[in-house]
Every structure is written in C-alpha cells, then in structure tokens.
Amino acid sequence: MPDWSYHTFFKPLLFRMNSESSRDFTLHTMNTLAKLPFGDKIIQFFGHMQPSKELERKVAGVTFPSPVGISGALDPQLNGTQAFTNLGFGFIEVGPISVSPRKSEKPIIRDTGKETLVYDHLQENLGLEATLIKLQSMKRVKIPLGILIKGETLHDYEKLVQKLDEHAAFFVINVEGISYLELIRGLTSKPLMLELTHQKIKYFSEDIAVDGYIIREGIESAEGVELGQLEMHQLKESIQQLLPFNKPIIASGGVHEPRDAMELLEVGASLIQLHSGFVYSGPGLPKRINERILYDQQPISKPAEQTGWISFFLMGLGVFIAGIIALIIGLTEVLLAYDEQYLGIKKEEIQTFSHHLFHFMSHDRICLAGVMISAGFMFMQLSYNGIRKGEHWAKKAYMIAAALGFLNIFYFMGFGYFDMLHFVYYLIILPFFLYGLYQSRNFTSGSKGQNLHNTISWKRSQIGQSLFVISGICLLSAGIVISIIGMNGVFVKEDLMFFALTPEQISAFNQNLIPLIAHDRAGFGGALISEGFLLLTIALWGYREGEKWVWWTLLLGGLPGFLTGVGTHFMIGYDNHFHLSPAYLLFVFYFVGLVYSYGYLHRSGEAQLRNVSVWKEEKV
C-alpha cells in the first residue's frame, strides 16, 4: 500500500470506518500479503522501499538498517509486524507487553483536521502468551525488534524478559521499571532503553544506568493521550535535556513529514519512531524520510558518474534508431524482400487481393515502430538521468524491461519465420546491454530524494502517480493480450470487419500470410510489454520531488506510442471507436497524470526550505 494507492483509493474509504476497525483491517491485510510465499517481493515491487546500505547505523550495540522505526502502540494486536519489515523501517517496536492482556475502554478518536489520534491509554496489548504465539508465527524478522515491557511486580519483569529475550534486539522499560533494573540486567545481555515522556523527563536530573532513552510523544488530557505533530517542540526540548547524558535517544512520534524527522535528528535524536504520521501521511513516509537522509548525506561536490551508463545509453539509442527505421518502412515499403520471399508473392498482389488487409499489415508495423521509439527514448533517459547518477531503481527498471524485450525473439522464432532484420537488430544491441550489466554490477540499492513537506503539490501528485501506474498496468495487459491473440486467433472481430475477409479466405489466398501477420502481432505485443513495464516502474520507483526529467520522460516517451497507435488507425481508415476506446481512455489517464504530476516533479525541495512561509500558507 504505497502512498499513491493509500491517499488516492484506500484512505478515503478507511477513514469512513472507525479507527480500530480501519487499523486492524489494514494491518491484517498487509500482514497476510507479507506472509504469502512471494508476498514480500510483491510489496517491494510496488513500494521499492528497501533502505540503502548507506543508512545503516549502530546504536547501543544494535545495527539498524535505517534510523526510522514504528511505534508499538500503533499495532497493539501485532497484526502488521511482518508487513512493517518491508516498508523501509529500520526497527519495529513491539508492545507495551504485560503478563496479562489489556484493553482500551474507549475508542480511538481521529481528528483529521489536526491530524491527531487520541487514545484512552497506551497500555493496550495482547498479553505475554498471545504475543509469543504471534512472534513465533512470523517469518524470520530481518530488522531489529525493540520490545516494551511493563510489569507490576518483580516476578512480572522476570517472566517477560525470559520469555521475550530471544525475539528482542533491545528492551524498553518504563519509569516504574527502574526499581527492577538490576534484575533485568542480570536476565538479558540486550540493551535497555528507558521510556520517558515530556512531563516526566523534568524529574530526572541525573543519569540512569540504561543504554539509552526513548522520548514518547503525547499530551495527556481528560479525553486520554493525544498524539500528533503538535508535540514536536516538546520532543525537541526533551532531546536537548537528555543530551548531556551522552546516550542514544529515540524520538517517538510527532513526525508527519520528512522535515519533522530531519529536525529531530538535527537536535540530537539517534533514531526516530513514527506513530500518527504513519496514519495521516501514509506508508510511504519512512521511504521519503530515508531518501531525504540519504540526500543530505551525499557529498556537496558533484558525485562521480557511474560506469555502465554509456553502454546502456547506446543500447537505448539503438532501439530508438531501429524504431525510426521501422516507422519509415511501415509508412512506405511495408514488406521487405525477405518478407516477399517467405510469402512467395509481391506486395502488389496483396494490395490487389485486399488493400485493407495490406494497410492492416502496415498498421501493425507502424504501431511496433512507435513502441520502439518510445521505449528507446525511455531507455536513454534512464541511462543518462538515472543510471549515470547511481540510481539503483533506474538500473533495475532498465534491466528487467530490456530482458523482456529480448525475449521477443522467441515470439519471432515461434512462427517458422526467420526475420533477418530483427535478428541483426538483436545482435547489434545485445552486446551493449551485456556490457552495461557487467560495468554496473556493483550498484548499491537505495535512492535519494529531496522531499521535505506534505505540500498541496505532493498531495496532488498522488493522483498523477496513480494514473501513471494504472497506465503502465494497462499497457502491460494490452501487450499480453495482443501477444496471446498473435499466437492464437491472430485477428479480433473488428479486424475481420475492417478488411471484410475470413481467416479461411486469407489462408486460401496465401497460407503463409496469417503466420507473417501473427509474427508481427506477437512481436508488437512483446514490445508493448517492455514499454508498459518501463512506464510502470518509472511511475512506481522514480517518482520523486524535483525530478523534472521523469516528467519529461513520461511526456515525450508516451507521444510516439500514442501518435502511431491511434494515428495509424485513422490513416488507414480503421476508425472503429469501440476498438480504439482503450487507447482513448489511456490517453485521458496519461494527460491527467501529467497535469497532476507537473507541480511536484518540477518543484524543488531546497526551494521549499528557503521559503518556509510560502509552504505554510499553501498547507493552510
């Protein structure tokens, strides 16, 4: 559930449900997906949230893949613990866990205007035994678990630590547990963090024998405990008061956008935890924070260009040029000498038999040319603007899309027709692809991003991104359908109506004509799969604030495919609007996506930072 789907589709529906139901439903659904055999791969594909190795840090002896964690109070039933491991978090808090289960008497109050959550209390949990069952049922947890334990007696703490020690990377105890600190130290070698709130920290004038502190957000009132962004100033004050103790500090809550996280880290927090911000800003928030941290960590000087991009660029250029050549052929000759040799007839004989059928063949080849031009342009853009700058997602998108494109050769071989031009084309571009893979073999994962605020342009961009994702899925689906048609029925009903012939009549005229058309159709479908994957992955993985090149790639990369795909139908008189309706709808998605994406992809996060007053006015 990345941000583009959360804000566009799910959040409006979930916020119509009561808070507990929407929370449990969302986390349970995500967890169920994560536990499927390839569930974590699906989540990673759509979210691409894995933090960069450069974000790894060691705190209190524990290695955290990222400084961003999630508060245990957000998931007291442990319904989403497995799913959280795939959302870019560097650690997960579990708990509070007590020996016996505890329930809340009052429902959670969700104030969307202030973006706050009001809890009756923050003690709700499953109890020790049910928690153990949940933890033991999980797959191997790839990130550290911090377990918050709350007991009432010495025996309670002894039981909690002994039972949970194998699952914990560190323990969190509350103020009441300080009197049992020596006992807990004797039961576990794991680091111990002391939980404090802003109200309680002022009573601590001396250091406690713990390994670090966790500062919890929250304003206590008659209604309960209110959690939201307004507590940021309290968190920062608390961090500054604890700095003299020279121990790691985890700031929990208050973070609703990357700027909040950066402020807490700047004042001295070692790690941060999300709570209400995860609900209101969406599951993409940890990824945005990770990318901003990585952006600030990069050297001021211009980073060195990555190897391999030139080879990848030349392959993309080859695809682009081949598309231009194919377009010229489709608009003029249509059939080449080896096509006529395979058929045993000249193209003039096909025109005499049915000029509509001949134009239909040209339409297939022109459409293929348009897709090749679009894909070639996108390959070049990914090479120059992505791979050259070390963007792992760009290489991954390029690599998979290109591999799918090369698999097209099996389509061409499957019809007993050896297409010499395509074979030579593959022989020319394949070495560039393979050499690019070799040169970029040491690419590291993770991407940088400059986004800081949840501005209006960011919120609008969720609609634009979702429309591009849908467009990419549509192109992929269309490519699969066209490939299947090319390998089976070859023609759809509207095709036969256009040239007023039956397959039997065409075969009676020339038995090799349908296999040649099928070869073209399957090849076009395969190319469309490759272009659809390029569009989908650029929309899923490359959508970051200020990335103007992504917007221009989407705009200019889509034009050749649309112009040839729709224009050639009208050029040959094949203007069946029912047949073209998917293309019309796709164009609407594409155009609206470009409009809604423009502000975000052309906006600079640094410009926001220099002009905060403008941002605040826009947010209001």
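Side chains included, hydrogens not; waters and symmetry mates left out as well; all remaining heavy atoms used.
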Report the C-alpha separation of E176 and N174 in whole Å, then their side-chain angles, then the decisive distance to 0.1 Å, and conclude whether the side chain to side chain donor-acceptor pair (under 3.5 Å) test is met.
CA-CA 5 Å; E176 289 74 16; N174 59 358; 3.0 Å; yes

Review point. Under the side chain to side chain donor-acceptor pair (under 3.5 Å) criterion, do S281 and R288 qualify, and how do the steps go?
Key: CA-CA 10 Å; S281 298; R288 292 162 58 204; 5.1 Å; no

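- Classified by interplanar angle (parallel below 30°, tilted 30° to 60°, perpendicular above 60°), the ring pair F278/F89 is tilted.
- A search for side chain to side chain contact (heavy atoms under 4.5 Å, CB included) contacts involving I108 returns S19, E20, R23, L117, Y119, not counting sequence neighbours.
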| task | Might you work through the ring pair (Phe, Tyr, Trp, His ring centres under 6.0 Å) test for Y596 and F468, ending with a clear yes or no? | result | CA-CA 10 Å; Y596 274 83; F468 281 122; over 10 Å; no

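- The salt bridge (charged side-chain N to carboxylate O under 4.0 Å, His left out) analysis of residues 233-255, with sequence neighbours excluded, yields the pairs D207-K247, K236-E263.
- Looking at K11 and D3, no side-chain N of the basic residue comes within less than 4.0 Å of a carboxylate O on the acidic one, giving no salt bridge.
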Point to revise | D120 and K103: CA distance, side-chain angles, deciding distance, salt bridge (charged side-chain N to carboxylate O under 4.0 Å, His left out) verdict | key: CA-CA 10 Å; D120 177 27; K103 293 286 185 182; over 6 Å; no

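- The pair E266-R259 meets the salt-bridge criterion, with a side-chain N (NZ, NE, NH1 or NH2) lying under 4.0 Å from an Asp/Glu carboxylate O.
- Applying the side-chain contact (heavy atoms from CB on, under 4.5 Å) test between L145 and each of I92, T85, L164 identifies I92 as the sole match.
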Worked verdict on K53 versus E56 for salt bridge (charged side-chain N to carboxylate O under 4.0 Å, His left out)
CA-CA 6 Å; K53 192 75 174 175; E56 190 177 282; 3.2 Å; yes

Give the intermediate values and the outcome of side chain to side chain donor-acceptor pair (under 3.5 Å) for residues E54 and Q297.
CA-CA 9 Å; E54 297 174 49; Q297 285 181 186; 4.9 Å; no

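- In this structure, CZ in F91 is found 8.0 Å from CD1 in I272, a value given to the nearest 0.5 Å.
- Ion pairing of E93 with R216 is present here, as a side-chain N (NZ or NE/NH1/NH2) and a carboxylate O approach within less than 4.0 Å.
- Within a 6.0 Å radius of CZ in F25, no more than 12 heavy atoms belonging to other residues, nucleotides or ligands are found.
- Below 30°, between 30° and 60°, or above 60°: for Y280 and H256 the angle between ring planes is below 30°, a parallel geometry.
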*What's the verdict on side chain to side chain donor-acceptor pair (under 3.5 Å) for E124 and Q77, showing C-alpha distance, side-chain angles and the deciding distance?*
CA-CA 8 Å; E124 181 182 354; Q77 303 300 312; 3.1 Å; yes

